[in-house]
Amino acid sequence: MYVATKGGERAIEAAHAWLAEERRGDPAVPELSVAQIREQMSLAVNRVMAEGSLHDPDLAALAIKQARGDLIEAIFLIRAYRTTLPRFGASVPVDTARMAIDRRISATFKDVPGGQVLGPTFDYSHRLLDFALMAEGAPPPAPTRDPETANTAAPAPHVLALLDRDGLMEPQTDGAETPPDLTRSPLEMPAERALRLQALARGDEGFILGLAYSTQRGYGRTHAFVGELRIGRCIVEMEIPELGFAVGIGEIELTECETVNQFTGSKTEPAQFTRGYGLVPGQSERKAIAMSLVDRALRWEELGEDNTGAPAQDAEFVLSHCDNIQATGFLEHIKLPHYVDFQSELELIRRLRREAVAAAPQSAAPAAHSAPAPSSSPAPSSPAKGEAAE
Amino acid sequence: MTARATRKARPERPAMSEDYNFAYLDEDTKRMIRRALLKGIAIPGYQVPFASREMPMPYGWGTGGVQVTAACLVPEDRLKVIDQGADDTTNAVSIRRFFERTAGVATTTRTREATLIQTRHRIPEEPLREGQILVYQVPIPEPLRFLEPRESETRRMHALEDYGLMHVKLYEDIARHGEIATSYAYPVRVAGRHVMDPSPIPKFDNPKLSGNAAIQLFGAGREQRIYAVPPWTQVVSLDFEDHPFTPSKADAACDLCGAAGSYLDEVITDDAGSRMFVCSDTDYCTTRQAEGHRGRLNREEVA
């Protein structure tokens with residue numbers, strides 16, 4: 001006799017034990033420490049912190065270790081942890097013009113006040129596997145600049161601010177209102193730019209990259225130049241009510257990208273350069289550049305541009321689908337049991353087929369199976385329902 | 001709900017994790033969710049946006065239902081969790097364990113003993129009673145979503161009570177298939193006003209939504225929406241006078257307990273096309289078997 005499958009609890013426990021074993025891999029190979037991941041997988045750590053929306057390199061490294069290197073899973077762990085944290089308050093806005101710069105390049109000017117700094121970049125590295133890394137040993141030390149001539153303390157004003165003075169650049173104004181917090185209030189459409197930028201900053205790097213690329217290929221083209229890309233550390237300051245002034249509470253690494261976009265003017269705006277903006281915690285210039293392109297594409301309405309129907313211009317489309325934790329959860333949920341819905345679909349399809357076969361003339365009965373039986377025709381309503389099977 | 005929300009000294013319960021607040025969420029978050037629930041109760045069927053939190057289980061796996069349950073649970077509650085009508089499906093087991101660990105509440109598989117039931121895709125067969133809460137996990141709360149993908153547009157349609165598109169869709173189904181080709185997540189109208197997605201329950205369950213004694217709460221975590229059907233509210237499945245709504249199920253009786261009026265799972269028993277039907281509601285089926293009811297494949301066990 002049939003007995004319903006029981007023991008889900010034991011199966012879950014056994015699966016988790018097996019997972020833990022797989023995570024460790026061959027016990028003969030030394031185990032990775034969280035510090036090793038933090039120091040040597042720093043760009044992965046940066047991505048997990050950025051998309052997990054939590055600055056904590058140790059926890060991000062731990063999440064990567066626990067997730068077996070699956071970065072979206074690691075981001076998920078960080079997000080779930082982050083939700084449980086109390087909030088003490090908000091910092092004052094970080095001033096990226098006062099960034100201690102590690103890397104700063106402009107694609108629009110050969111030289112800029114503060115200089116171009118290449119920094120620790122993969123750019124111009126030939127992508128040849130370095131087999132020396134398979135052997136252990138320290139790399140030769142990188143040359144350091146003479147501290148006497150180093151201009152780390154020299155101010156590095158934003159490149160686009162220089163254009164701004166000539167009136168060629170759309171002016172940047174500070175909004176008076178405190179922007180809404182995406183993680184504390186539900187996303188409602190239409191979303192203002194501050195909210196869009198928040199969503200993009202924690203959005204999936206791959207999704208943002210793909211959208212940005214699509215604008216370069218003509219789906220909502222914005223003619224972007226990298227006006228400035230800078231990576232460095234910024235002081236985070238907080239107003240302490242008892243003190244009456246802001247004090248630095250720490251330092252975070254940021255990547256900021258500002259694009260200059262050609263703009264020939266519209267019904268409402270004169271010809272001038274416009275901006276796209278990307279800001280991502282950690283060192284993540286691919287994401288920051290992509291974000292600034294998507295930001296600019298999403299601004300079509302305020303600039304009076306045409307909506308060409310490109311995906312990157314559609315704020316509701318972009319914001320509803322850029323979060324990889326939402327996306328991966330919903331995508332993967334279709335592996336959960338759907339017996340009940342599938343059963344109701346079975347009944348429906350059987351009934352429709354029965355009716356179609358009964359309605360067909362006797363001589364044409366065999367054909368009724370293949371041809372226009374409604375149950376097998378891809379009627380728009382039926383597949384739509386199928387996709388709605390949650 | 002106010003009466004339930006009073007905190008009393010916690011009775012003896014299984015070991016509970018002390019690392020998190022009662023039922024995992026912090027009290028501010030619970031309060032935010034309770035406000036959304038009260039608003040939902042006040043406007044039956046209206047989708048209330050709420051600041052859904054990231055939960056330690058994936059979106060799409062019941063995070064909305066879990067947040068609603070967390071906001072409603074009190075230490076005296078007795079919780080039942082079902083998925084596909086069954087208490088022992090893996091995700092139901094996982095969610096039940098989550099609340100055992102974070103809230104330390106008592107759990108049960110018995111519908112009549114539960115004070116709060118979290119469900120995915122089914123309404124229990126046994127009628128619910130006053131004081132019980134049924135929490136639904138909702139994937140896509142918007143009944144108009146597959147007709148109009150834009151949230152800004154569907155909210156406008158609800159506000160204007162502009163449901164023509166839905167009726168056209170149902171009409172086109174009839175024109176094309178001879179009947180409304182929706183077998184689950186069948187749209188309903190609540191209290192004569194809002195069209196609502198009842199979550200992907202089979203349309204067989206739709207009549208149980210109406211005039212139900214229990215509070216019915218719907219949570220969609222990823223989509224950040226909460227909605228509700230207060231007790232004894234009229235819920236009508238959309239139809240036409242000449243094509244009335246018909247709840248449907250497999251044309252069979254349960255092979256284990258013999259129930260003719262419960263929703264059935266079809267189970268393939270070999271590779272030669274043999275199949276059997278069993279109640280999807282496992283508590284209903286085992287209760288009936290305990291009472292001596294027997295189905296087609298269960299007769300030899302009659303003592």
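Here is how names work: the chains are called A, B, and so on, in the same order as the sequence lines, proteins then strands, and each is numbered from 1.
- Interface check for chain A: of the options B/Gly178, B/Ser248, B/Ser280, the most heavy-atom pairs under 4.5 Å are formed by B/Ser248.
- Put simply, of B/Gln224, B/Lys203, B/Met55, B/Arg96, the one with the most heavy-atom pairs under 4.5 Å next to chain A is B/Gln224.
- The residue among A/Glu347, A/Arg82, A/Glu332, A/Met189 with the most heavy atom pairs within less than 4.5 Å of chain B is A/Glu347.
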Are A/Arg47 and A/Asp204 close enough, and set up right, to give a salt bridge (charged side-chain N to carboxylate O under 4.0 Å, His left out), and what steps lead you there?
CA-CA 9 Å; A/Arg47 182 174 172 196; A/Asp204 181 71; 2.9 Å; yes
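- Contacts of B/Arg122 with chain A are made by side-chain atoms alone, with heavy-atom separations under 4.5 Å and no backbone atom involved.
- Not less than 6.0 angstrom separates the ring centroid of B/Tyr171 from the ring centroid of B/His167.
- In this model, no donor atom of one side chain and acceptor atom of the other lie less than 3.5 Å apart for B/Thr154 and B/Glu148.
- With a 4.5 Å cut-off on non-hydrogen atoms, B/Glu223 does not touch chain A at all.
- Of all the listed residues (A/Asp181, A/Leu346, A/Asp323, A/Asp314), the one sharing the greatest number of non-hydrogen pairs under 4.5 Å with chain B is A/Asp314.
- Only the side chain of B/Thr89 comes within contact range of chain A, with at least one heavy atom under 4.5 Å from a heavy atom of that chain.
- Residue A/Arg87 holds its CZ atom at 4.0 Å from OG1 of A/Thr183, rounded to the nearest 0.5 Å.
- Proximity to chain A is limited to the backbone of B/Leu264, based on heavy atoms less than 4.5 angstrom apart.
- Side chains of A/Asp341 and A/Ser344: a donor-acceptor N/O pair is absent below 3.5 angstrom, by distance only.
- Aromatic ring centroids of B/Tyr46 and B/Tyr227 lie 6.0 Å or more apart.
- Using a 4.5 Å cut-off between heavy atoms, A/Phe76 contacts chain B through its side chain alone, with no backbone atom that close.
- Proximity to chain A is limited to the side chain of B/Tyr263, based on heavy atoms less than 4.5 angstrom apart.
- With a 4.5 Å cut-off on non-hydrogen atoms, B/Met57 touches chain A through its backbone but not through its side chain.
- Chain A forms more heavy-atom pairs under 4.5 Å with one residue of B/Arg150, B/Glu151, B/Lys249, B/Arg225 than with any other, namely B/Arg150.
- For B/Arg97, the part lying near chain A is the side chain, with the backbone staying farther off; criterion is any non-hydrogen pair under 4.5 Å.
- Residues A/Thr328 and A/Asn324 have side chains that never bring a donor and an acceptor to within less than 3.5 angstrom of each other.
- Within the 4.5 Å cutoff, side-chain heavy atoms of B/Val66 are placed close to those of B/Phe99.
- Between B/Tyr186 and B/Phe245, the ring centre distance stays below 6.0 Å.
- With a 4.5 Å cut-off on non-hydrogen atoms, A/Gln343 touches chain B through its backbone and its side chain both.
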